[in-house]
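Written out below as structure tokens is the structure these notes cover.
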Amino acid sequence: MMKAEQRRLPLEGLLNTRELGGYPVVVNGIQRRVKQGLLYRSGSPENMIDADRVILEGLNIKTVVDFRSEDEKSEVFNLASLVKKIDLPINAGNLMGAILGTGEWLYNPRPQGAEEEMIRLYAALPVEAAPRYRVFFSLLADPDNTPILFHCSAGKDRTGLASALILHALGAGRETIMEDYLCSTENLRPYWERFVTSQPRMVPYYTVTEKYLLEAFETIEKNGGIDRHLAEDLGADINLLRDLYLE
């Protein structure tokens with residue numbers, strides 16, 4: 001079985017890019033696996049080099065879904081294989097402003113520690129993101145949209161929760177979901193570790209921990225559970241998704 005880190009694409013500038021294909025799932029007691037070559041997650045394309053672009057175009061990516069707000073965008077994916085570019089902005093707070101000290105968080109602007117702010121962000125994210133994720137899951141339900149790449153700025157928070165919900169819908173266990181989610185810290189390390197010497201308190205903004213995703217899951221559980229959230233809030237057709245994305 002491929003480990004999560006083995007799914008990371010060998011891209012030099014686009015650090016946090018990997019696919020969800022290959023993960024094991026269990027459906028009605030039967031072991032199955034997520035199809036490869038259909039579902040890709042990443043960060044934003046600002047540092048993408050030409051060699052990265054060639055690799056992505058070789059994957060025949062047809063659709064790119066961008067979860068960034070307008071204020072975050074400086075570049076967008078421009079691939080020869082691209083058919084659709086879908087903007088689904090999730091304004092989950094001015095993360096870059098918080099990191100750089102030039103702005104405040106949308107949900108908790110009071111200075112109280114980076115980890116606490118990230119936990120508050122994840123507590124709010126499932127509700128804030130639901131309208132955009134609903135459209136996203138409708139895109140996933142159409143095989144003409146695949147292979148599909150979805151991303152935010154770092155590819156770890158909005159993209160991370162979206163990936164966790166997809167994997168749950170497909171029948172992945174919590175351990176598998178968390179394995180994929182936590183890979184973002186090492187994938188992004190070449191970017192964030194240069195900042196930690198002068199700003200060690202900022203590390204929680206750049207990384208992910210189990211606490212963050214568990215906080216999002218707790219919010220969802222308080223509102224009826226993940227299965228209800230997927231079916232009712234996000235309009236996900238679980239059986240259709242499994243037909244499309246499992247082998």
Side-chain angles (χ1 to χ4, degrees), residues 4-5 7-20 39-49 52 56 64-77 87-107 114-126 128-129 132-133 136 148-167 177-196 199-216:
E5 59 268 19
R7 291 177 177 80
R8 183 166 63 86
L9 300 186
L11 306 180
E12 184 176 335
L14 199 57
L15 297 178
N16 198 17
T17 306
R18 57 195 187 274
E19 72 161 300
L20 300 185
L39 300 167
Y40 295 91
R41 52 175 294 179
S42 80
S44 60
E46 274 75 8
N47 297 312
M48 187 168 68
I49 63 174
D52 297 341
L56 291 178
V64 168
V65 175
D66 189 345
F67 292 132
R68 294 176 298 172
S69 66
E70 289 301 319
D71 290 342
E72 296 173 79
K73 295 177 184 179
S74 61
E75 291 186 28
V76 297
F77 278 99
D87 292 321
L88 297 177
I90 300 168
N91 186 3
N94 184 4
L95 179 56
M96 290 308 298
I99 291 173
L100 300 174
T102 59
E104 292 182 327
W105 279 79
L106 178 63
Y107 300 109
E115 184 175 85
E116 288 83 357
E117 286 192 324
M118 288 298 294
I119 289 172
R120 285 179 62 89
L121 171 68
Y122 272 80
L125 188 54
E128 293 294 323
R132 302 304 192 184
Y133 284 169
F136 177 53
I148 189 169
L149 182 148
F150 54 101
H151 74 97
C152 51
S153 287
K156 69 184 184 71
D157 301 315
R158 290 160 289 186
T159 298
L161 180 56
S163 298
L165 291 169
I166 292 171
L167 288 172
I177 293 170
M178 193 62 72
E179 177 188 354
D180 179 72
Y181 173 75
L182 292 175
C183 272
S184 286
T185 290
E186 288 306 312
N187 288 350
L188 291 168
R189 186 177 295 276
Y191 170 73
W192 63 260
E193 66 181 354
R194 55 187 154 153
F195 296 101
V196 300
Q199 301 183 64
R201 67 183 181 85
M202 307 300 278
V203 171
Y205 290 132
Y206 294 110
T207 58
V208 294
T209 72
E210 287 192 20
K211 291 180 182 179
Y212 299 170
L213 188 57
L214 290 176
E215 188 70 23

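Residue numbers run from 1 in the order of the sequence given. The figures here come from the full heavy-atom set of this structure, side chains too, leaving out hydrogens, waters and symmetry mates.
Taking CD of Glu19 as the start and CG of Leu9 as the end, the distance is 7.0 Å to the nearest 0.5 Å. If you take OG on Ser42 and CG on Leu11, they are separated by 8.5 Å, rounding to the nearest 0.5 Å. Annotation: the span from Thr209 atom OG1 to Met118 atom CE amounts to 8.0 Å, rounded to 0.5 Å. With rounding to the nearest 0.5 angstrom, the CZ atom of Phe77 is 7.5 Å from the OG atom of Ser44. Distance CG/Leu14 to CD1/Ile49: 10.0 Å, rounded to 0.5 Å. In this structure, the separation between CG on Leu125 and CG on Leu161 is 5.0 Å, given to the nearest 0.5 Å.
Across all their heavy atoms, Gly13 and Asp52 have their closest contact at N-OD2, 2.8 Å. Between Pro126 and Ala216, the shortest heavy-atom contact is CG-O, 3.6 Å. Nearest heavy atoms, Ser184 versus Arg18: OG-NH2, 3.3 Å. Of all the heavy atoms in Arg132 and Pro89, the pair that sits closest is NE-O, 3.0 Å. Between Tyr133 and Ala162, the shortest heavy-atom distance links the atoms OH-N, 3.5 Å. Scanning both residues, Leu15 and Pro190, for their nearest heavy atoms gives CD1-CB, 4.2 Å.
Using a cut-off of 4.0 Å between Lys/Arg side-chain N and Asp/Glu carboxylate O, Arg158 and Glu72 are scored as salt-bridged.
Side-chain contact between Val65 and His151 is absent, with no heavy atoms from C-beta onward closer than 4.5 Å. Looking at heavy atoms from C-beta onward, Thr207 lies out of side-chain contact with Leu188 at the 4.5 angstrom threshold. Side-chain contact between Lys73 and Ser153 is absent, with no heavy atoms from C-beta onward closer than 4.5 Å.
Take Glu210 and apply the side-chain contact (heavy atoms from CB on, under 4.5 Å) test, not counting sequence neighbours, and it matches Met178, Leu182, Leu214. Annotation: side-chain contact (heavy atoms from CB on, under 4.5 Å) contacts of Glu193 (sequence neighbours excluded): Arg189. Shown here are the salt bridge (charged side-chain N to carboxylate O under 4.0 Å, His left out) partners of Arg68, two or more places apart in sequence or in another chain: Glu46, Asp66.
The side-chain hydrogen bond (donor to acceptor under 3.5 Å, both in side chains) test with Arg41 singles out one residue from Thr17, Thr159, Asp180, and that residue is Asp180.
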query: Passes side chain to side chain contact (heavy atoms under 4.5 Å, CB included), Tyr122 versus Asp157? Steps please.
result: CA-CA 8 Å; Tyr122 272 80; Asp157 301 315; 2.4 Å; yes
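The aromatic ring centroids of Phe67 and Phe136 lie less than 6.0 Å from each other.
Put simply, the side chain of Asn16 never gets that close to the backbone of Asn187: no donor and acceptor are under 3.5 Å apart. Of the possible polar contacts, one joining the Tyr212 side chain to the Pro204 backbone as a donor-acceptor pair under 3.5 Å is found. Checked by atom type and distance alone, the side chain of Lys156 never pairs as donor or acceptor with a backbone atom of Val208 at under 3.5 Å.
Note on ring orientation: taking the six-membered ring where Trp is involved, the planes of Trp192 and Tyr206 are parallel (angle under 30°, cut-offs 30° and 60°).
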